[in-house]
Amino acid sequence: MTEPLAPQYNPSAIESALYAWWEERGLFSPDASAPSAEARRPYVIMMPPPNVTAALHMGHGLNNTVQDVLIRFERMRGRQALWLPGTDHAGIATQNVVERLLATEGQTRFDLGREAFVARVWAHVRETGTAILSQLRALGCSADWSRAYFTLDEGLSHAVREAFVQLHDQGLVYRGHYIINWCPRCLTALSNEEAEKEEVDGHLWHLRYPLARGGGHVVVATTRPETMLGDTAVAVHPEDERYRSMVGTELRLPVVDRLIPVVADDAVDPAFGSGAVKVTPAHDPADFEIGRRHNLASIDIMTPDARISLAAPERFQGLDRYEARRAVVAEFEAAGLLEKVEPHQHAVGHCYRCHTVVEPRLSDQWFVRMAPLARPALDAYRNGTLQFIPERRGDDYAAWLEGIRDWCISRQLWWGHRIPVWYCQVKECSLTTVSRDDLAVCPACGGEVHQDEDVLDTWFSSWLVPFSSLSWPDHTEDLTRFYPGHTIVSAPEIIFFWVSRMIMAGFHFMNEAPFTSIYLHGTVRDTQHRKMSKSLGNGIDPLEVVDRYGADALRYSLVAGMAVGTDVILDPGDLEASFAPGRNFANKLWNAGRFILSNLDGPVRPLAGKHRNVVRRDELSLADRWIIARCDATVREATEAYERFRLNEAAAAVYRFVWSDLADWYIEQIKPRLYGDQPGGDVARAVAIQTFDVGLRLLHPVMPFVTEALWRRVPGRPEDASISVAPWPTADERAADPDALRDFGLVQELIGAIRGIRAEYAIQPGNSVRAVVGAGANTAIRDEQPTVLRLAKVSTLTFGEPAERVGGHAVLSDGTPVFVPLGDTIDLGRECARLGAEVDRLDRLVDSQERKLGNQQFVSRAPAEVVERERDKLMSWRDQRGVLARKREMLGCH
RNA sequence: GGGCGAAUAGCUCAGCUGGUUCAGAGCGCCUGCCUUACACGCAGGAUGUCGGGGGUUCGAAUCCCUCUUCGCCCACCA
């Protein structure tokens, strides 16, 4: 730790070593049995488990950065902090990945058979399974890898079975014959949430169905003409006069030549189309209900891969659904039964994994009855137990719960948790057994049993994670200590898949919500506001960014570019533009630290506490007091911002403090003291290192690596101390120092005024000027002369009336005149114009201010405090204007 | 069809409870500087009808209405 620090911060040289050191020390693995002194419960975040085949993308980067900032913040605040990571077996997604791999070998999963295929998937995920967790380490994520789980682990499988059996015993899991969303490519059922509705431009075909007794027809409209092959009725509204006489009669279904009844049903909207609806119970959920009410037959005209089945006329059999659509329409047209075709926009479900258009399909599936589970989850929201950030997301949550439908949990896949249900193969017995343990024989008759072929929806294991990852149903110390957690960090599109369901499972199985704060961040998009995605090729690889700019730069850029609930826009074509600010800031910290550390000599005097060598208040210069006050204000601002999940504001507050205040002003101003030109070097060192230390700690949640690297080098630190468990800075009433803020502000103004004049008249940087300020100048300016001399490149600063008149003039906000003599070199016209513009600006301010204060309404209605402030402003502007106007007269400007 | 959000500098965005950051930050741009922490830097500078229109108010980027344009979520009118 004593090697000299390079002038340029090189993240890749230190990040991985620091991370390894953190992990070795177990800093992120809280001990469930350790006595916890603090009254508050531990702070727990469940990491959204990435898919086992996933590679880190920017969405993970954002999601996990937010979580890491929060967990590091709370850890430093002294709470036991557990961030529990895991990976998800991701049923469909993973099965698809491996199927694609097989396809490159010219094979399908059916060639391998179930057992060999599952073995193949296991082999694959054993390779890819923890890759993403290592990638998260590169981001600096302080998760507890020792507790990492996989949703197909033995423990979690145990929990899944327990949950299934309990729900079944409570009558909340049932098997039923219903219309579900079916993906004809993945060959499985999907839940409603997994069928993504998308607006598509389609058509509305108006078809004529002739009356069976002859003499006319009924027109029905459909967006899927091919389904007419399975029609078993036409429905009309019972009150619809147009069709009243027809109800109970029969129509001759064209193409298939079948007689179907006209039925009356309330579900029909008489105002839409012709007011008559074709009814296909096997292929439409609404039609299915109508069919049930009227005892209609269901004719399944499609195979699992969405081809026309044997139930349809032979000439259609085997046709793809879209080919069949064309063929059906063609026959209607040929028969003169196609009334018209209209363009029609409607929402069509797409498989969320392969984007194939889903087909409503009638089949036997397992469902969870959701209404009873939703009730406590909804109550918790209404009574304020759950806090959504941003708040409006709570409305989405509540609306979804209010309209909740039963959850189809069976999937016709091979990769996942097999449904724990066994069917007795003995005809006379045929017992169905739901069991926690594998069944060898029928418990009733001892006959052969066969396990349900299907697996469970991936999300059925995910929704248990807040307690299954802590060994539930076993009552371990982990479960007792770390359930419930506090915050979940997710993307809005995951609310229904995961967040709401975890809350429901939490209430149902644990009697308590698994977390109370729900932080929903935005989406990472490119500059055209398109979601970053592999298919669009507009993604940014977070690891490449880490490689080039460091994890801290990546994290800072993500955090700084994101207000609560807004998207993060990054430019894939210009990484520099997106990540340079973070890189630059890391480098700034590095160099500020380098400077401060290299100037320390000997022990640092403490700023507070009962020490013999404590820095006394009367030893502090104005600048010392000022930076201490700014530091204190920053502690308040940043802490509050973190608490309110306003991470961008926390980052901005520390950025301002470190860069603008500490580096640009304080460090520059104490240089003479450090170099021995001025007394008080020991105080300056003490103030610099201790305020810098506070800055490092405030920033550590966002930029863990560079802050750790610097913090560890502060002399007197124990070898094994880590900033990640250093105490969070506390604000101190006594440090708030409004006088220092005001007075040093004037010094800054003075320096700015002189610099402005120097720049205006192109004074060579090497040349010093003289400066004269009004005799009545704030005493702070006298006291801080060395600062002014140095930072404004002034050789002498005098007080009183200047002997000369020609030069640059300015005025401070308290009315103090400033004069920089520039001799004959100055262009008088230029100075007159410069001052004139300034006087004009003040004129306008004074004018509007006078109008405001002349307004009786304002004076009487606005709070006295506000009026007082406005009066002060007016006086100050008048003073400034007066001073400058006199200068103009003196110079003979017109 | 219902609900929600956004529009502020060339770009990406802050601006919370109307008046103490009130018109801001970073990037980019212009000028001058390799000043012994940092050129990934320092100093100075330019750039805005706060999307349009109405309203409430003593006072509006901020609250209300409306229009326009984008975006998101939900939805069994076939």
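Side chains are part of it too, since the values below use all heavy atoms of this structure and drop only hydrogens, waters and symmetry mates. Protein chains get the first letters and strands the later ones, always in sequence-line order, with residue 1 at the start of each.
Between W590(A) and Y9(A), the ring-plane angle classifies as tilted under the 30° and 60° cut-offs. A parallel orientation is assigned to the rings of W400(A) and F496(A), their planes being inclined by less than 30° (bins at 30° and 60°).
For F496(A), whose side chain is taken as the heavy atoms from C-beta onward, the closest listed nucleotide among A37(B), C74(B), G19(B) is C74(B). Nearest to the side-chain atoms of N587(A) among the listed nucleotides C76(B), A78(B), C38(B) stands C38(B).
Residues H203(A) and H344(A) share a closest heavy-atom pair of C-CB, 3.7 Å.
Using a 4.0 Å cut-off, no side-chain N or O of Y761(A) falls inside it from OP1 or OP2 of U31(B). One finds a side-chain N or O of T566(A) lying less than 4.0 angstrom from the OP1 or OP2 phosphate oxygen of A14(B). A sub-4.0 Å separation between OP1 or OP2 of A37(B) and a side-chain N or O of K671(A) is present. Proximity of K197(A) to the phosphate of C76(B): a side-chain N or O atom is located under 4.0 Å from OP1 or OP2. Contact annotation: H346(A) side-chain N/O to A75(B) OP1/OP2 distance is not under 4.0 Å. Residue N584(A) places at least one side-chain N or O closer than 4.0 Å to OP1 or OP2 of G41(B). Under 4.0 angstrom from either OP1 or OP2 of C33(B) there lies no side-chain N or O belonging to R755(A). Note on R405(A): a side-chain N or O is less than 4.0 Å away from OP1 or OP2 of C76(B). Residue W659(A) places at least one side-chain N or O under 4.0 Å from the OP1 or OP2 atom of C42(B).
No hydrogens or angles were tested; on distance alone, a donor-acceptor pair under 3.5 Å links the side chain of E199(A) to the base of A75(B). Judged by distance alone, with hydrogens and angles left aside, E668(A) brings a side-chain donor or acceptor within reach of the base of A37(B), the pair sitting under 3.5 Å. Side-chain N/O atoms of R594(A) and base N/O atoms of C38(B) include no donor-acceptor pair closer than 3.5 Å. Contact annotation: side chain of Q8(A) to base of C38(B), donor-acceptor pair absent below 3.5 Å.
Contacts of E493(A) with the nucleic acid, taken as non-hydrogen atoms under 4.0 Å apart, are absent. In this structure, K873(A) reaches the sugar-phosphate backbone alone: every heavy-atom distance under 4.0 Å involves primed, P, OP1 or OP2 atoms, never a base. Within 4.0 Å of A221(A), counting heavy atoms only, lies at least one base atom of the nucleic acid. In this structure, P863(A) reaches the bases: a heavy-atom distance under 4.0 Å links it to at least one base atom across the strands shown. Heavy atoms of R644(A) sit under 4.0 angstrom from at least one base atom. Within 4.0 Å of A580(A), counting heavy atoms only, lies no atom of the nucleic acid at all. If you check every strand for non-hydrogen atoms under 4.0 Å, N855(A) touches sugar and phosphate atoms only. Nucleic acid contact class of D284(A) (heavy atoms, under 4.0 Å, all strands): none. Across all strands, A759(A) comes closer than 4.0 Å only to sugar-phosphate atoms, never to a base (heavy-atom distances). No contact: P285(A) has no heavy atom under 4.0 Å from any strand. Here H237(A) lies out of heavy-atom contact (under 4.0 Å) with every strand. Looking at heavy-atom distances under 4.0 Å, Y675(A) makes contact with sugar-phosphate atoms alone, never a base. At a threshold of 4.0 angstrom between heavy atoms, the contacts of A586(A) with the nucleic acid are absent.
Atom P of nucleotide G5(B) and atom CZ of R392(A) are separated by 7 Å, given to the nearest angstrom. As rounded to whole Å, 18 Å separates atom P of A43(B) from atom CD1 of I757(A). Atoms CZ (R685(A)) and C1' (A37(B)) sit 15 Å apart, rounded to a whole Å. Per the geometry, NE2 belonging to H283(A) stands 19 Å off P belonging to C76(B), to the nearest Å. In this structure, N591(A) places its CG atom 13 Å from C1' of U36(B), rounding to the nearest Å. A straight line from NE2 of H206(A) to P of A78(B) spans 11 Å, rounded to a whole angstrom. In this entry the distance linking CZ of R790(A) with C1' of A37(B) reads 12 Å, nearest Å. Between the CD atom of Q345(A) and the P atom of C77(B) there is a distance of 14 Å, rounded to whole Å.
Spacing of P atoms, G19(B) relative to A61(B), comes out at 10 Å, to the nearest Å. Taking atom C1' on both nucleotides, U21(B) is separated from C67(B) by 33 Å, rounded to a whole Å. Comparing the same atom, C1', in C65(B) and in A60(B) gives a spacing of 15 Å after rounding to whole Å. When the C1' atom is compared between U56(B) and C64(B), the two are found 7 Å apart, to the nearest whole Å. The gap from the C1' atom of A25(B) to that of C50(B) amounts to 16 Å, rounded to the nearest Å. Nucleotides G26(B) and G71(B) have their P atoms positioned 31 Å apart, rounded to a whole Å. Spacing of C1' atoms, G53(B) relative to A78(B), comes out at 42 Å, to the nearest Å. Comparing the same atom, P, in C11(B) and in C74(B) gives a spacing of 32 Å after rounding to whole Å.
Look at D872(A) and R869(A) and you find no salt bridge, because none of the NZ, NE, NH1 or NH2 atoms lies under 4.0 Å from a carboxylate O. Between E640(A) and R636(A), none of the side-chain N atoms (NZ, or NE/NH1/NH2) sits under 4.0 Å from a carboxylate O, so this pair counts as no salt bridge. In this structure, E576(A) pairs ionically with R583(A), as a charged nitrogen and a carboxylate oxygen lie closer than 4.0 Å.
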Identify every side-chain donor-acceptor pair in residues 651-662 of chain A under 3.5 Å, counting partners at least two apart or on other chains, and give the distances.
{"from": "R656(A)", "atom 1": "NH2", "to": "E637(A)", "atom 2": "OE1", "distance (Å)": "3.1"}
{"from": "D661(A)", "atom 1": "OD2", "to": "R630(A)", "atom 2": "NE", "distance (Å)": "2.6"}
{"from": "D661(A)", "atom 1": "OD2", "to": "R630(A)", "atom 2": "NH2", "distance (Å)": "2.9"}

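A46(B) makes up no base pair with any nucleotide shown, lacking Watson-Crick or G-U wobble contacts both under 3.5 Å. U35(B) is unpaired under the criterion used here, namely a Watson-Crick or G-U wobble arrangement in which both key atom distances are under 3.5 Å. Judged by Watson-Crick or G-U wobble contacts below 3.5 Å, the nucleotide A14(B) has no partner. Checking U57(B) for Watson-Crick or G-U wobble geometry (two distances, each under 3.5 Å) identifies no partner in any strand. Across the strands present, C72(B) finds its partner in G3(B); the criterion is a Watson-Crick or G-U wobble pair with both atom distances under 3.5 angstrom. For U21(B), there is no paired base (Watson-Crick or G-U wobble, both distances below 3.5 Å).
In terms of position on RNA chain B, the residue among V568(A) and F585(A) whose nearest nucleotide sits closer to the 5' end is V568(A). With the nearest nucleotide of RNA chain B identified for both Q857(A) and A592(A), A592(A) has the one nearer the 5' end.
Side-chain atoms of Y178(A) and D406(A) form no donor-acceptor pair, as typed in the model, at a separation below 3.5 Å. A donor atom on one side chain and an acceptor atom on the other are not found under 3.5 Å apart for E196(A) and Y352(A).
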Please determine whether side-chain contact (heavy atoms from CB on, under 4.5 Å) holds for the pair L647(A) and V702(A), giving the CA-CA distance in whole Å, both sets of side-chain angles, and the decisive distance to 0.1 Å. CA-CA 9 Å; L647(A) 309 187; V702(A) 179; 5.9 Å; no
